[in-house]
Amino acid sequence: MALTVNLCFTFTETQAMSKYHFNEIEKKWQQYWAENETFKAYNDSEKPKYYVLDMFPYPSGAGLHVGHPLGYIASDVYARYKRHKGFNVLHPMGYDSFGLPAEQYAIQTGQHPAQTTKVNIEGGTDKQGTEIAGYRKQLDQIGFSFDWSREVRTSDPNYYKWTQWIFIQLFESWYDTKADKARPISELVAIFSTEGNKTLDAACDEGAETFSATDWNNFSSKEQQEILLKYRLTYLAETEVNWCPELGTVLANDEVVNGVSERGGHPVVRKKMKQWSMRITAYAQRLLDGLQKIDWPQPLKDSQTNWIGRSEGATVSFKVLPNVTLGSVEGSHNIEVFTTRPDTIFGVSFMTLAPEHELVSQITTDAQKAKVEAYVEATAKRSERERMADVKNISGVFTGAYAEHPFTKEPIPIWIGDYVLAGYGTGAVMAVPCGDQRDYDFAKHFNIPIPNIFEGVDISEEANSDKENTKIANSDFLNGLSYKKATKTAIYELEKIGAGTRKINYRLRDAVFSRQRYWGEPFPVYYKDGMPQMIDEKHLPLTLPEIDEYLPTEDGQPPLGRAVNWAWDTHKNEVVSNNNVAQSAVEGSKGDNGIYPLELNTMPGWAGSSCYMFRYMDPSNDNALASQEAMQYWENVDLYLGGSEHATGHLLYSRFWVKALYDLGHLQVDEPFKKLINQGMILGESAFVNRAEYFIGGYDQVLPQTIPSSSTEDLPNFYFSSGILKEFEENHTNSSLWRIIENNPMVSDYCEKVFDPKDGGLFSIIPNRIHADVSLVNASNELDIEAFKNWRPEFKDAEFITEENGSFKVSREVEKMSKSKYNVVNPDDICSQYGADTLRMYEMFLGPLEQAKPWNTAGITGVHSFLKKLWKLYHTGAEGAFSVSDEPASKDSLKTLHKTIKKVEDDIENFSFNTSVSTFMIAVNELTAQKCTAREVLEPLLILVSPYAPHISEELWSKLGHPNSISEAPFPVFEEKHVKETNKTYPISFNGKMRFTLDLPLDMSKEEIESAVMAHEQTAHYLQGRIPKKVIVVPGKIVNIVG
RNA sequence: GCUGAAGUGGUGGAAUUGGUAGACACGCUGGACUUAAAAUCCAGUGGGCAGUAAUGUCCGUACGGGUUCAAGUCCCGUCUUCAGUACCA
């Protein structure tokens, strides 16, 4: 009895010693790294620096899913690799914690977004009682080598102090186009007061008037401020927005569907609003040029290039002909157009203005007035996106006015059309229907003449699209010229008569910087006499005020309009009650007490993320964004990882701010990210159940008329398995579905009531796909019916039409991973089931980093058993005890090791992480087969594996007797001599088809190889008596016999 | 419409410069161990045809052409999928 107990005890003890207990190991090392600050980066290291950055996450309440860590794991592998290579690595993490979801949650629950955000990061319980693990804990579980001492949160006042500071820097500067850089606004004031702006070359608003030094000095302070605002890098301007009066708020393009708000279906109109803008257009050319010197994926560079949209051409001015019905003053207008094809100027047969164009109301004749106004109004209801998506429907209205052709002096009818956008160029085009398909379609639709100005081109069916190989005709002085020459000549002639000039146009628009939201950075701005004033930077941060509800005010002001204390006292330099604001708030006026209203808008999401990479360098500095020394040492980000969806938002804005701050001397680099990699999205495999929906009207009818919901409410809730659906779709009869009806009295009763045999098939059932939670489905796509019934109340009384074997199958589809699609897989579950090392390796093993791929846990066991095999390699002692030998390794083992070193190093440098995981598997399989126990092989192997699977590597490293973390161990050095081959197995091909292989020494000459092959018995067999025409021998590669 | 990426076994994917297509892993099949299950280990696994078998043979990297001794890889055209998008004058 006693003996048995003793045996059992020994057995479990051995198990504990030899088995791979990943949970314990991972917890142990995560704690070790935290306690020893293993991954702390130092600003004063002697080592070379390397800065690896991930796009920081928005901490949503849904938590991390398996898609989030993909990029983090890849960058962590690289960061750890660089440490092994002797670099001082900066690998920080933080949170982009301002944003809409927290605000929406606040609107619903009344909980302060700061509180929600804190819980989402640090964990806790939300207002609805749901347990939230918190981002930090989830990230820690995966074993990242982040330097957490440098964490930043954009919603932290100590952080957004610097966002506000940057805003002030931009406000206090202007763009000198001649010097091609931003300069302090004080220097512009100096220029104005000595020379006016006549000779100035600066980026400014359209239509800024010219003035002399005397004019400037005579302007009032307010007039001067108004003028300066037209030059500042951030300025106030009237911008068009999607305004929803019902919701009292502005909507994004994708929140507007068919002219109404996506939520609630309220009407939306385009409305002008005074908002902050950023003069990014001043940097268009430099943003373009800068792409040359950064190592980014070409598609990403392409999309920035297209977004900036540089085009060369000319502006042409068309005089509007005086109209008899209008006074002579109203008649003297000019329409400016931008064209890339000034060579086609003689092909102009009409002009089109954007409906929003400011001249429309002034030039429209009385006869056309009603039509034009109706059209303008109709256009205002359509979103820009809608207008652009709708290519097929050509619409427009004639204004009744005519313009004069600058050369022929012929009258040209002026139309308005919504294919012309107000935001691009001048919002007006000179239409050349013979050379532009959209103009052509417009002209055909409205029966406008299409003069042909191309030599020998047929334009009866479509416009001419080949500009390079056609010569200009019917065009006076341009006749017979090529596109290039004609363009030059046309511009020359236009300039000569003062009707146009050469111009480079950019599609890029200035960026709107105001948001009518609560949960964002407040602007450090107050208004004196309606003019914006900056709060002095020494009084920053200006923190968000408390408000009672996170909604717009009744009169349509942004949420900050609800704040009771939201005025700036310029004497005390603090926020005070709104009640103290003097009526007029005009300086020096009666009752002016130096207290003025603060800005009610907040900054957009990209404000906090545009310069965060510099804050990590010196995150607790109170006196600067980061110290000069820190910035000198770290320069910019060496490797940046993130999704390609940020191509034209974050990545463009960030480059713009960095260039501006560089110009102003605050930064030492003018590009934030040297190398960038886009990780592909991990997609979810959604599961669908098919619910029966009842319709009056046949299945094939174009518009099935639904039964009013009241009458179908009583009908049973049917779900049918995907096999049943398949049968239904293949036969295209609903015989299977009729089975439901036959068997169910409720449906058949109902059916009888509405079914009219005269009409035939009036009542029908069609399937509607509904997302089911993927956790309710097993690997064979079978739904757990009971769990599904309990999942949500509406499924409680569902009836299931199963397959013949009684199972209920779902259909699968790959979609974006998202909470609303119920296809989210949580990394926490993977970590507890298989461990972080398995998760890390598996995510890398899934496929190339840049490629999008669906998440499927099916293959994870393969990676997990690899780690178990790795563990076993070090536990070959009695009863699986740890054991390595100090004996020299076999030749084969050294060869395995060194080819692994070479391959893994190459792979990491090329960010081909999936192939190195395979390489490790091969290495471990080989070493196991070789029964390798040699320390000289097993020790370097661990260093190779450690960037991918750091926990198991640390554990085995310490078992090998190392007192310190493996993270600083030098990367093994590849030695050619161990992998040198003397022989090569040559594939012998006949006419390109490999037939057999032949082992030959590598130092054989071409001729020797050829004779060896020709002498081989198999060669005769495959030649079957033919005489080879040619024998191709590539030493070390292949032999191919032709003939 | 435009721009970009991609298309390889049942599945994820590999093939670095044009040189043995399918590495590695999952799944599946068979076997060993076990009272059994799990775990582990071993073997097989692109498809067709012939053969008891060893093996032979043909086809095969979305489709149709082409270049080449040789093409998943290069060129021309087509189709499909995904992503982005702004009718950009």
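To find a chain, count down the sequence lines: A is the first, B the second, and so on, and within it residues start at 1.
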Taking the [atom1] atom in each of [N] and [M], what is the distance between them to the nearest angstrom?
N     : M     : atom1 : result
B:A70 : B:G1  : P     : 38 Å
B:A54 : B:G64 : P     : 33 Å
B:G12 : B:G7  : P     : 12 Å
B:G10 : B:G19 : C1'   : 30 Å
B:A43 : B:C24 : P     : 12 Å
B:G66 : B:A23 : C1'   : 31 Å
B:C75 : B:A6  : P     : 13 Å
B:C28 : B:A14 : P     : 23 Å

Problem set entry | Whether A:Phe911 and A:Phe913 hold their rings parallel, tilted or perpendicular, with breakpoints at 30° and 60° |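 Perpendicular, since the angle between the ring planes exceeds 60°.
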
Exercise. Can you check side chain to side chain donor-acceptor pair (under 3.5 Å) on A:Asp510 and A:Thr281, steps first, answer last?
Worked result: CA-CA 6 Å; A:Asp510 280 344; A:Thr281 50; 2.6 Å; yes

Exercise. B:G72: syn or anti, with syn meaning chi within 90° of zero?
Worked result: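 Anti conformation here, the glycosidic angle of B:G72 being more than 90° from 0.
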
What's the [atom1]-[atom2] distance between [X] and [N], to the nearest Å?
X        : N     : atom1 : atom2 : answer
A:Asp436 : B:G1  : CG    : C1'   : 13 Å
A:Arg310 : B:A89 : CZ    : P     : 13 Å
A:Phe996 : B:G56 : CZ    : C1'   : 15 Å
A:Ile416 : B:A89 : CD1   : P     : 22 Å
A:Met921 : B:A23 : CE    : P     : 14 Å
A:Tyr506 : B:A89 : OH    : P     : 14 Å
A:Met994 : B:C58 : CE    : P     : 13 Å
A:Lys899 : B:C24 : NZ    : C1'   : 12 Å

Exercise. Using a distance-only test with no angle check, is there a side-chain donor-acceptor pair under 3.5 angstrom linking A:Glu336 and A:Thr426?
Worked result: no

On the nucleotide [N], are OP1 or OP2 found under 4.0 Å from the side-chain N or O atoms that [X] carries?
X        : N     : answer
A:Lys853 : B:G12 : no
A:Asn914 : B:A14 : yes
A:Asn925 : B:A25 : yes
A:Lys868 : B:U40 : yes
A:Gln851 : B:A83 : no
A:Arg995 : B:C58 : yes
A:Ser311 : B:A89 : yes

Name the closest nucleotide to the [X] side chain, picking from [options].
X         : options             : answer
A:Leu846  : B:A23, B:U20, B:G12 : B:G12
A:Thr861  : B:A14, B:G27, B:G19 : B:G27
A:Lys1030 : B:U3, B:G12, B:C69  : B:C69
A:Thr985  : B:U20, B:A89, B:A23 : B:U20
A:Val429  : B:A89, B:C24, B:G19 : B:A89

Exercise. Nearest nucleotide by nearest heavy atom, which residue falls closer to the 5' end of RNA chain B, A:Thr426 or A:Asp302?
Worked result: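 Its nucleotide being nearer the 5' end, the pick is A:Asp302.
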
Exercise. Relative to the 5' end of RNA chain B, which residue comes earlier, A:Lys872 or A:Gly992, by the nucleotide with the nearest heavy atom?
Worked result: A:Lys872

Exercise. Would you say the side chain of A:Lys903 and the base of B:U16 hold a donor-acceptor pair, judged only by whether the two atoms sit under 3.5 Å apart?
Worked result: yes

Complementary nucleotide for [N] - Watson-Crick or wobble, under 3.5 Å:
N     : answer
B:A54 : none
B:G77 : B:C63
B:G10 : B:C26

Problem set entry | Given A:Asp343, A:Thr344, A:Thr339, the one that forms side chain to side chain donor-acceptor pair (under 3.5 Å) with A:Arg341 | A:Asp343

Students often get this wrong, so: under 4.0 angstrom with heavy atoms, is [X] touching a base, only sugar-phosphate, or nothing?
X         : value
A:Thr648  : nothing
A:Ile1032 : base
A:Thr340  : sugar-phosphate
A:Val1042 : sugar-phosphate
A:Phe920  : nothing
A:Pro299  : sugar-phosphate

For this session: Give me the one residue out of A:Thr997, A:Val1034, A:Ile1009 that meets side chain to side chain contact (heavy atoms under 4.5 Å, CB included) with A:Tyr986.
Result: A:Ile1009

Exercise. Would the number of heavy atoms belonging to other residues, nucleotides or ligands and lying under 6.0 Å from NZ of A:Lys902 be above 12?
Worked result: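 12 or below, so no.
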
Exercise. So, A:Phe350 versus A:Phe442, ring centres under 6.0 angstrom or not?
Worked result: yes

Exercise. Does the separation of the ring centres of A:Tyr842 and A:His864 fall below 6.0 angstrom?
Worked result: no

